[in-house]
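To find a chain, count down the sequence lines: A is the first, B the second, and so on, and within it residues start at 1.
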There are 2 protein chains.
Amino acid sequence: MDTGDRLLTPGEVAALFRVDPKTVTRWAAAGRIGSIRTPGGHRRFRESEVRALLEGEGMLEEGEEMGKSRNMGPTASTGPGPANAGMY
Amino acid sequence: MDTGDRLLTPGEVAALFRVDPKTVTRWAAAGRIGSIRTPGGHRRFRESEVRALLEGEGMLEEGEEMGKSRNMGPTASTGPGPANAGMY
DNA sequence: CTACATTCGGGTAATTAGGGTT
DNA sequence: TTTGTCCTAATTACCCGAATGT
């Protein structure tokens with residue numbers, strides 16, 4: 001696996017997540033995503049980390065339509081579950 | 001590989017379906033539509049999947065109305081079919 | 001050096017999530 | 001069973017001027 005430590009700008013990450021670049025900055029400020037700062041203060045993000053966040057819980061299970069059984073299974077957090085701090 | 005399609009916000013999908021954003025959120029929670037979560041917890045939907053759901057009603061003719069018989073037999077499937085888009 | 005786009009900061013609306021109810 | 005509306009809290013989007021990167 002290529003570590004792919006290519007650095008992405010806030011605008012690139014924002015386009016991938018369909019959010020505002022300012023939002024990506026807030027993620028970095030909140031510690032939800034690692035960031036590298038340039039000497040001038042701008043942020044850069046690792047592509048590998050961004051991709052991991054994108055596919056973290058997107059297209060895993062896709063099988064349904066089989067009976068409407070309310071499967072109260074355990075919360076299967078597949079993959080690197082980011083510590084959700086926002087839970088009231 | 002990279003799906004490379006645009007992401008839609010719940011409000012966008014709700015406007016396409018003429019429903020409340022809350023309903024779209026319920027669809028995602030029920031697993032009827034794939035969703036990508038931002039680190040902040042908000043959902044984003046793939047435009048290709050949404051369009052497939054919007055126009056996918058025409059290729060399968062399933063005479064199925066709103067549930068009047070609440071008899072959930074073994075073959076009671078309320079759905080147009082497995083719209084699996086996960087091809088890796 | 002100038003020119004342009006982007007990204008800093010903060011501050012304030014708009015949207016979304018979640019639960020419960022009709 | 002599905003959808004719509006109520007609420008509160010969190011997240012996100014757009015506003016500005018100033019600084020940074022190419």
Side-chain angles (χ1 to χ4, degrees), chain A residues 5-47 49-50 53-54 56-58 64-73 75-77 81-88, chain B residues 6-47 49-50 53-54 56-57 62-81 83:
Chain A
D5 278 22
R6 186 156 51 113
L7 295 178
L8 301 177
T9 62
E12 293 278 46
V13 182
L16 289 172
F17 279 96
R18 187 50 172 100
V19 293
D20 198 84
K22 194 62 81 75
T23 302
V24 182
T25 297
R26 290 204 199 85
W27 293 343
R32 290 183 195 178
I33 182 173
S35 61
I36 310 282
R37 310 271 298 215
T38 63
H42 286 199
R43 281 173 207 151
R44 296 284 122 90
F45 305 93
R46 300 193 176 276
E47 192 203 16
E49 190 174 352
V50 172
L53 258 58
L54 268 173
E57 37 194 326
E64 67 281 335
E65 224 66 48
M66 34 158 94
K68 301 292 175 69
S69 308
R70 286 283 174 271
N71 192 0
M72 296 280 214
T75 320
S77 301
N84 284 354
M87 223 188 219
Y88 67 96
Chain B
R6 291 173 304 188
L7 296 175
L8 301 177
T9 61
E12 295 276 322
V13 181
L16 289 173
F17 280 97
R18 303 271 324 215
V19 294
D20 275 348
K22 201 69 156 190
T23 303
V24 181
T25 296
R26 288 198 185 109
W27 294 343
R32 290 200 242 239
I33 181 173
S35 62
I36 296 183
R37 314 266 304 216
T38 64
H42 285 204
R43 293 187 180 91
R44 297 281 121 98
F45 305 93
R46 299 193 178 275
E47 200 218 14
E49 191 173 350
V50 172
L53 260 61
L54 274 170
E57 312 274 329
E62 189 89 23
E64 174 262 332
E65 288 299 316
M66 280 299 222
K68 24 184 185 171
S69 57
R70 49 199 70 200
N71 181 11
M72 286 184 279
T75 55
S77 296
T78 346

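Taking CZ of Phe45(A) as the start and OG1 of Thr25(A) as the end, the distance is 5.5 Å to the nearest 0.5 Å. Within the model, atoms OG1 of Thr9(B) and NE2 of His42(B) stand 11.0 Å from one another, a figure rounded to the nearest 0.5 Å. From Arg46(A), atom CZ reaches atom CD1 of Ile33(A) across 11.0 Å, with rounding to the nearest 0.5 Å.
Nearest heavy-atom pair, Arg44(A) versus Pro10(A), reported as atom, atom and distance to 0.1 Å: NE-CD, 4.4 Å.
For the pair Phe17(B) CZ and dG4(D) P, the interatomic distance rounds to 12 Å; values are reported in whole Å. The distance from atom CD1 of Ile36(A) to atom C1' of dG21(D) is 17 Å, rounded to the nearest whole Å. Following rounding to the nearest Å, Ile33(B) (CD1) and dT3(D) (P) show an atom-to-atom distance of 12 Å. One atom, CZ of Arg32(A), and another, C1' of dT12(D), lie 11 Å apart when rounded to the nearest Å. Rounded to an integer number of Å, the gap from Arg44(B) CZ to dA17(C) C1' is 12 Å. Nucleotide dG4(D) holds its P atom 11 Å from the CZ atom of Arg18(B), rounded to whole Å.
When the shell of 6.0 Å around CZ of Arg18(B) is examined, it contains 12 or fewer heavy atoms from other residues, nucleotides or ligands.
If Thr38(A) and Asp20(B) are placed on DNA chain D by their nearest nucleotide, the residue sitting closer to the 5' end is Asp20(B). Residue-to-nucleotide proximity on DNA chain D shows that, of Val19(B) and Gly40(B), the 5′-proximal contact is made by Val19(B).
Contact between the side-chain N/O atoms of Thr23(A) and the OP1/OP2 oxygens of dA13(D) is found at a separation under 4.0 Å. Within the 4.0 Å cut-off from OP1 or OP2 of dT11(D), not a single side-chain nitrogen or oxygen of Trp27(A) is found.
The six-membered or imidazole ring of Trp27(B) lies near that of Phe17(B), with a centre-to-centre distance under 6.0 Å.
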**Q.** Protein proximity profile, nucleotides 8-14 of chain C - base contact B, sugar-phosphate-only contact S, no contact -, cut-off 4.0 Å on heavy atoms
**A.** SBBB---
